[in-house]
Each structure stands twice: as C-alpha cells, then as structure tokens.
2 protein chains.
Amino acid sequence: MPAQRADARRNYARILAVAEEEVATHGAEASLEQIARTAGVGSATVRRHFPTRHALLEAVFRERIESLAARARELAEADDIRAALLDWLDALTVYSATVQGLAAALLRNGELDPEHANPCVSTLAEAGEPLLRRAAQVGAVAPGVTPVDLVTLVAGIALTTQHHPDPATEATRLLRLTVAGISPRG
Amino acid sequence: MPAQRADARRNYARILAVAEEEVATHGAEASLEQIARTAGVGSATVRRHFPTRHALLEAVFRERIESLAARARELAEADDIRAALLDWLDALTVYSATVQGLAAALLRNGELDPEHANPCVSTLAEAGEPLLRRAAQVGAVAPGVTPVDLVTLVAGIALTTQHHPDPATEATRLLRLTVAGISPRG
DNA sequence: TTGCTAAGTGGCGGGGTCCTCCGTATCGTA
DNA sequence: TACGATACGGAGGACCCCGCCACTTAGCAA
C-alpha cells in the first residue's frame with residue numbers, strides 16, 4: 001500500500017512551489033485561494049495537504065530553518081564561542097528580517113494549540129542549545145537566557161522591521177542593541 | 001457652521017466605546033462589521049469616522065498612549081534617571097503585552113504610508129526623548145539608542161508574547177534580558 | 001415655527017477569503 | 001480489465017471589506 005498516491009505527491013509539490021513564491025511576495029498573509037488558483041488545484045486540495053496556514057508556512061520555510069539549524073550545529077564547535085553565537089544570531093536575524101513571513105511563521109505559532117510548540121521554533125531552539133550552553137559556560141551570555149528566548153527575540157525584532165525600507169540592516173542594528181544591552185551596567 | 005453634527009459626534013463616541021471592548025476581546029483584528037453591528041450603526045458609518053483600521057486602533061489606544069507619555073514626562077524629572085527609564089520601559093512593556101492589539105497598533109503602522117510615521121509611536125517617542133537623553137548623559141544607556149528604538153523593541157517583545165499564558169511577566173522577563181543585554185561583555 | 005440644505009446615515013451589491021461537504025475522477029492493485 | 005480506496009475540485013455558506021447612493025435628519029434662517 002502506497003503511503004501516498006502519485007497525484008497527491010505531485011499536487012503537494014506544486015502547491016508548495018507556488019506557496020513559496022506567493023509567500024515571498026505577499027508575506028505570511030498570502031491568500032490560500034490564490035495559491036490554489038495558481039497551482040491549478042482546488043482550494044480544498046490545498047487544505048487537504050496543509051490543514052492550517054501555519055502548516056503551509058512551516059513547510060515553506062522548512063529548508064531555510066533546517067539550514068539555520070545546521071549552521072548552529074556547525075558553529076557550536078567553534079573556538080571563539082561568543083563570536084560563534086553572535087554569528088548565528090546575525091544569520092538568524094538577517095534571514096528572519098529578509099524573508100517575508102518567516103518571522104511571522106516563527107511567532108504566529110500555537111496560539112490556539114498550547115500543548116506542543118511550534119516546530120520551527122523548536123527546531124531552531126534545539127539546534128542552538130549546545131551553542132548557547134557552551135557560551136553560557138564561559139560566561140559569554142547572560143544567565144537565564146534560553147534558546148527559545150533567542151529565537152523569540154530575534155523574531156520579534158524581525159517583525160518590527162518588516163515595514164522598514166531596509167529590514168535586514170535595521171534588524172541587525174536592533175539585534176546589536178539587544179545583545180549589548182540597552183542599559184547594560186546596572 | 002458646526003464642525004460636526006450632534007448625531008455624528010454621538011455615533012463617533014458609540015463606535016469608539018464598542019471598538020474598545022471589541023479590540024480588548026479580539027485584538028487588533030477585530031471585525032469592523034461586528035463593531036458596527038454592536039454599535040447599531042451601518043458599517044459605512046464606521047468607515048466614515050475611521051477611514052482605516054489603524055485610525056480606529058489609534059483612537060482606541062489614544063488615552064493609554066497619552067497616559068504612558070505623561071508618565072515619561074513625569075519620570076524625566078526623577079533623581080535616579082536610570083531607574084526612571086527602566087520604570088518607564090516596564091510600564092510600556094506591561095501595557096503593550098497586556099492590552100490586546102496595542103503592540104500590533106504600535107507596529108502595524110505606516111507600512112504603506114511611509115511619509116509620516118505612526119502617531120502612536122511618535123507620541124511615545126517624543127515623550128520618552130528627554131528621559132532617554134538624560135539617561136544617555138549619565139551613560140546609563142548604550143550609545144546610538146533612539147526613542148523609537150525603545151518603543152520598537154518593547155512592541156516587538158510584546159508581540160512575541162501575545163500567545164503566552166502570562167504575557168505580562170514573560171514580556172517583562174524578555175525586557176530585562178534586552179536591557180541587560182544577551183551577551184553584554186564584549 | 002417652519003422650511004431648506006447639506007451633512008450624515010445605512011442598506012445593498014460586488015469582490016474577496018476561508019472553510020466544509022460531497023459527487024466524481026483517478027490511481028494502484030487484484 | 002475491473003474494482004475499491006484515495007484524492008480531487010466545484011459548489012455553497014458564512015464572513016469580511018469596500019464603495020455607491022438614495023434617504024433621513026440636524027441645525028440654520030426666514
């Protein structure tokens with residue numbers, strides 16, 4: 001018994017491809033109806049493969065998220081662990097701020113589904129955990145900071161810069177402030 | 001010639017009152033149609049008084065914003081200016097995180113209207129400017145931080161904690177991290 | 001008090017979205 | 001080839017935003 005029929009797989013791929021473009025253009029609020037139309041399928045088919053908008057966004061950003069996670073694992077081996085952590089945060093920030101809808105996908109998570117967290121966030125958080133832990137060991141990071149905090153703060157920053165003419169550099173600037181602290185000595 | 005007719009003023013007030021409740025309940029995405037229905041007016045009347053959703057949100061949050069601005073002016077006279085700044089940021093954070101839609105209203109600003117900024121933000125930023133300036137003079141704040149940065153960062157934090165069970169405390173926690181810095185020494 | 005006029009109103013229709021249901025076409029297999 | 005499960009997509013309901021436009025009514029003037 002095939003886990004999935006051939007046409008289903010085909011449609012899945014087409015929808016995903018169209019959704020990537022559409023989300024890149026119109027952000028996280030892209031019209032599902034429009035995606036269905038462009039992909040040449042019925043709107044019900046879109047819903048069948050991606051029950052919620054978030055499921056679709058998750059699939060769209062899966063690769064990028066995965067690559068960021070890989071980057072984190074890589075950097076966890078670095079000599080200068082603080083620099084590595086900052087590198088990762090930078091990458092995370094630029095990605096989130098640049099790619100329309102990514103930040104929203106990271107945050108608009110289980111608002112109504114409190115039991116298990118957003119897979120995007122947890123993937124990143126898990127991947128960043130060793131990096132953060134090593135950084136904490138050498139005191140390169142404030143106590144009490146969790147991996148989820150990092151992802152959350154970055155996503156927040158990215159969201160706020162959506163409307164900015166140059167989101168990436170503005171987001172990076174705000175990240176620097178957050179890393180160094182608004183009012184550090186205290 | 002009356003600037004506005006009596007019934008118009010009456011409707012304005014009713015709509016605003018209903019909108020406050022509705023936004024408090026359903027956040028920034030509250031249905032304008034529903035507001036009109038509850039207020040017992042046609043949807044066209046809502047649009048007439050508040051051409052855009054943002055205009056309505058702005059009106060809804062005007063008082064709160066104003067009170068936060070007043071607080072900033074007050075605190076600008078304090079002896080311990082750093083503590084005053086942190087106080088204000090705390091208040092700002094709790095407000096934004098608690099009141100459904102306020103953060104969104106602060107951010108979802110002139111996305112399509114780049115020429116003049118969001119009045120909510122500018123009101124707060126202007127009010128916080130003296131406070132921030134005094135803090136900067138005594139070195140209690142990182143260089144390069146603008147009033148708008150403060151409001152932006154706080155709003156970002158508030159947005160990310162919308163879904164959290166206890167937004168206010170979570171937001172406050174994240175604010176503390178941001179104030180102290182994720183990785184301060186560097 | 002009684003018009004008059006323009007400001008103000010609200011219902012309606014058009015266009016769009018999301019979502020569900022269900023008859024039908026298609027795939028993979030026997 | 002024929003059959004059954006799987007997947008499809010169109011229709012339809014509910015909702016929303018938006019603009020238009022004929023009607024009402026407040027408030028001034030005679």
Side-chain angles (χ1 to χ4, degrees), chain A residues 1-60 100-101 104-105 108-113, chain B residues 1-60 100-101 104-105 108-113:
Chain A
M1 47 174 158
Q4 209 179 16
R5 251 168 54 174
D7 54 344
R9 245 172 300 141
R10 201 166 40 233
N11 276 337
Y12 181 95
R14 296 187 59 165
I15 292 168
L16 190 53
V18 170
E20 275 172 22
E21 291 180 34
E22 212 65 19
V23 169
T25 314
H26 301 102
E29 306 295 308
S31 160
L32 302 182
E33 207 81 10
Q34 175 62 28
I35 290 173
R37 234 173 286 132
T38 307
V41 302
S43 65
T45 299
V46 172
R47 308 198 57 67
R48 195 165 299 116
H49 288 291
F50 306 99
T52 70
R53 164 175 248 100
H54 188 262
L56 179 56
L57 291 177
E58 199 184 302
V60 164
Q100 277 278 3
R108 290 292 157 113
N109 50 4
E111 280 177 355
L112 302 171
D113 176 6
Chain B
M1 47 175 156
Q4 209 180 17
R5 257 168 51 171
D7 53 344
R9 246 172 298 141
R10 201 166 39 235
N11 276 337
Y12 181 96
R14 298 186 57 164
I15 292 168
L16 191 53
V18 170
E20 275 171 22
E21 291 181 34
E22 211 66 18
V23 168
T25 314
H26 301 102
E29 307 295 308
S31 159
L32 303 182
E33 208 81 9
Q34 176 61 29
I35 290 172
R37 234 173 287 133
T38 308
V41 303
S43 65
T45 300
V46 172
R47 309 197 55 68
R48 195 164 301 116
H49 288 291
F50 307 98
T52 70
R53 164 174 248 103
H54 188 263
L56 179 57
L57 291 177
E58 199 184 303
V60 165
Q100 277 279 3
R108 290 291 157 112
N109 49 4
E111 281 177 354
L112 302 171
D113 176 5

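Reminder, nothing fancy here: chain letters follow the sequence lines and each chain counts from 1.
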### Query
Can you find a pair of side-chain heavy atoms, one from Q4(B) and one from H49(B), that are under 4.5 Å apart?
yes
#### Entry: Rounded distance (nearest 0.5 Å) linking atom CD1 of I35(B) with atom CZ of R14(B)
13.5 Å
### Task
Report the nucleotide, chosen from dA7(D), dC18(D), dA6(C), that has the shortest atom-to-atom distance to any side-chain atom of D7(A).
dA7(D)
### Task
Round to the nearest Å and state the distance from E33(B) atom CD to dT17(C) atom C1'.
14 Å
### Query
Contact class for A6(A) (heavy atom, under 4.0 Å): base, sugar-phosphate, or nothing?
sugar-phosphate
### Task
Starting at atom CG of L56(B), determine the distance to atom C1' of dC16(D), rounded to an integer number of angstrom.
15 Å
### Query
Any idea which heavy atoms bring A36(B) and S43(B) closest together, and the distance?
CB-CA, 3.7 Å
### Query
Nearest to the side chain of Q4(A), which nucleotide is it out of dC16(D), dC27(C), dA7(D)?
dA7(D)
### Task
Indicate whether OP1 or OP2 belonging to dC17(D) is found under 4.0 Å from a side-chain N or O atom of S31(B).
yes
### Query
Please give, in whole Å, the distance from dG27(D) C1' to R5(B) CZ?
8 Å
### Query
A8(B) has a side chain; which of dC18(D), dG8(C), dG28(C) sits nearest to it?
dG8(C)
### Summary
Judged by nearest nucleotide, the residue sitting upstream toward the 5' end of DNA chain C, A44(A) or L32(A), is L32(A)
### Task
Drop me the distance from L32(A)'s CG to R47(A)'s CZ, to the nearest 0.5 angstrom.
6.5 Å
### Summary
E29(B) CD to dC17(D) C1', in whole Å, measures 13 Å
#### Entry: Side chain proximity check, L56(A) to V23(A), heavy atoms < 4.5 angstrom
no
## Note on the structure
Rounded to whole Å, the CZ-C1' distance (F50(B) to dC18(D)) equals 17 Å
### Query
Under 4.0 Å: is that the gap between some side-chain N or O of R48(A) and OP1 or OP2 of dC8(D)?
yes
## Note on the structure
Nearest heavy-atom contact between A55(B) and F50(B) is O-CD2, 4.0 Å
### Summary
Numerically ordered, the residues 11-24 of chain B set in heavy-atom contact under 4.0 Å with DNA chain C is N11(B)
#### Entry: Residue whose closest nucleotide on DNA chain D lies nearer the 5' end, P51(B) versus G42(A)
G42(A)
### Query
When we call it a touch if two heavy atoms are under 4.0 Å apart, what does R53(B) touch: a base, just sugar-phosphate, or nothing?
sugar-phosphate
### Task
Find the distance Q34(B):CD to dC16(D):P and express it as a whole number of Å.
7 Å
## Note on the structure
Between the CD1 atom in I15(B) and the CZ atom in R10(B), the distance rounded to the nearest 0.5 Å is 12.0 Å
### Task
Round to the nearest Å and state the distance from I35(B) atom CD1 to dC16(D) atom P.
10 Å
### Query
With respect to the phosphate group of dG8(C), does any side-chain polar atom (N or O) of H49(B) fall under 4.0 Å of OP1 or OP2?
no
### Query
Does R37(A) have a side-chain nitrogen or oxygen under 4.0 Å from the phosphate oxygens OP1 or OP2 of dT17(C)?
yes
### Query
Does R47(A) have a side-chain nitrogen or oxygen under 4.0 Å from the phosphate oxygens OP1 or OP2 of dC18(C)?
no
